[in-house]
Amino acid sequence: MSIQMRSTESHRSLKSLSEGLSELTASIHLTRLSARLDPALSTATLVRLQMNPRLQVRLAELLLGNEMSFNACVWGDDLLLGHNPHRAALLAGSIWHARSLLKLVSKDDLSTLIGVIGAEAHAFGIRHLANAIAATSIADPEQLSQRIEHDGHACLGAWLNEASALERTRVLLRLPIGTAAENYAAEHRNAAGPLLSLVVTHLATETSTI
């Protein structure tokens, strides 16, 4: 099954191209905008540029470059149906390390972990324990949260690599530069499809955020 089909085509909404490009610009991570425009620009300046309605379409065109045909007249939701890719990565990473989540029972440890990955990811991972990948348990909550984030982003990156350049870029632009989505391993390629299928199915039950 193609990655586009796994993104639950029936939930994809269509809007005007300019509206879609504007919404994409508004959601771009500032590290991406800074790297493309000028690293010396302040955060405040970047935000003003990003949220300026007159500049949003041009900024999207600049960041997407030759990866899309601007002759298109409609714009659909991206592969994550408009949802936050960092959230999707945490959901995927929580499945990867579900065995460790199940064994982490100390109130203090749980508080530390959930403070980083969130209650949703914690519950999601345990709910999909049967799909867990990591065989070795991690007892330290800080280390576990780091591995969940790393392996989740790596799976997301590997999954996106199966998509078109445009679809991949639309998601990556909403992540900071330097995550594991840009540096995944063979083990992530092997697991990415099944894990992200579960994640996208979950996200498809909600209204997209952009």
Given side chain to side chain contact (heavy atoms under 4.5 Å, CB included), test Leu104 with Leu113 step by step and report yes or no. CA-CA 9 Å; Leu104 203 69; Leu113 178 72; 3.6 Å; yes
Should [X] and [Y] count as side-chain neighbours, where that means a heavy-atom distance under 4.5 Å?
X: His86; Y: Leu90; result: yes
X: Leu24; Y: Leu59; result: no
X: Trp159; Y: Val199; result: no
X: Leu21; Y: Leu64; result: yes
X: Leu173; Y: His29; result: no

Considering residues at least two apart in sequence or located in another chain, which fulfil the salt bridge (Lys or Arg N to Asp or Glu O under 4.0 Å) criterion with Glu120?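 By the salt bridge (Lys or Arg N to Asp or Glu O under 4.0 Å) rule, Glu120 matches Arg87.
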Check salt bridge (Lys or Arg N to Asp or Glu O under 4.0 Å) between Arg147 and all other residues, then give those that pass, not counting sequence neighbours.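 For Arg147 the salt bridge (Lys or Arg N to Asp or Glu O under 4.0 Å) partners, ignoring immediate neighbours, are Asp151.
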List the atom of [X], the atom of [Y], and the distance in Å for their closest heavy-atom pair.
X: Gly82; Y: Arg174; result: C-NH2, 3.9 Å
X: His150; Y: Ala180; result: O-CB, 3.3 Å
X: Ala158; Y: Ala192; result: CB-CB, 3.9 Å
X: His153; Y: Glu149; result: ND1-O, 2.8 Å
X: Leu55; Y: Leu49; result: CD1-CD2, 3.7 Å
X: Ile28; Y: Gln50; result: O-NE2, 2.6 Å

Interatomic spacing from [atom1] in [X] to [atom2] in [Y] - rounded to 0.5 Å:
X: Arg99; Y: Ser137; atom1: CZ; atom2: OG; answer: 8.0 Å
X: His83; Y: Asp78; atom1: NE2; atom2: CG; answer: 9.0 Å
X: His97; Y: Gln146; atom1: NE2; atom2: CD; answer: 11.0 Å
X: Met51; Y: Leu46; atom1: CE; atom2: CG; answer: 13.0 Å
X: His202; Y: Ser197; atom1: NE2; atom2: OG; answer: 13.5 Å
X: Asp109; Y: Glu142; atom1: CG; atom2: CD; answer: 9.5 Å

Answer yes if [X] and [Y] sit in the same cluster of Ile, Leu, Val, Met, Phe, Trp and Tyr residues linked by side chain heavy atoms under 4.5 Å apart, and no otherwise.
X: Tyr184; Y: Leu198; value: no
X: Leu196; Y: Val171; value: yes
X: Leu63; Y: Ile177; value: no
X: Ile148; Y: Ile95; value: no

Quick one: do the Ser42 and Thr45 side chains pair a donor with an acceptor below 3.5 Å?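 There is such a pair between these side chains.
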Would you say the side-chain atoms of [X] pair up with the backbone N or O of [Y], donor to acceptor, closer than 3.5 Å?
X: Ser22; Y: Ser18; result: yes
X: Arg32; Y: Leu172; result: yes
X: Ser94; Y: Leu91; result: yes
X: Thr205; Y: Thr201; result: no
X: Thr169; Y: Leu166; result: no
X: Thr179; Y: Leu175; result: no

Counting only pairs under 3.5 Å, give me each side-chain donor-acceptor contact of residues 122-131, with atom names and distances, residues two or more places apart or in other chains.
none

State yes or no: are the ring centers of Trp96 and His188 separated by less than 6.0 Å?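 Yes; His188 has its ring centre under 6.0 Å from that of Trp96.
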I'd like to know whether Val57 forms a side chain to side chain contact (heavy atoms under 4.5 Å, CB included) with Thr25, so could you lay out the CA-CA distance, the side-chain angles of the two residues, the decisive distance to 0.1 Å, and finally the verdict. CA-CA 7 Å; Val57 171; Thr25 297; over 6 Å; no
Tell me whether Arg36 is salt-bridged to Glu61, with the criterion being a basic N under 4.0 Å from an acidic carboxylate O.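 Glu61 and Arg36: not salt-bridged.
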Before you tell me yes or no, could you show the steps for Ile133 and Leu195 under side chain to side chain contact (heavy atoms under 4.5 Å, CB included), namely the whole-Å CA-CA distance, both residues' side-chain angles and the distance that decides it to 0.1 Å? CA-CA 9 Å; Ile133 304 298; Leu195 295 194; 4.2 Å; yes
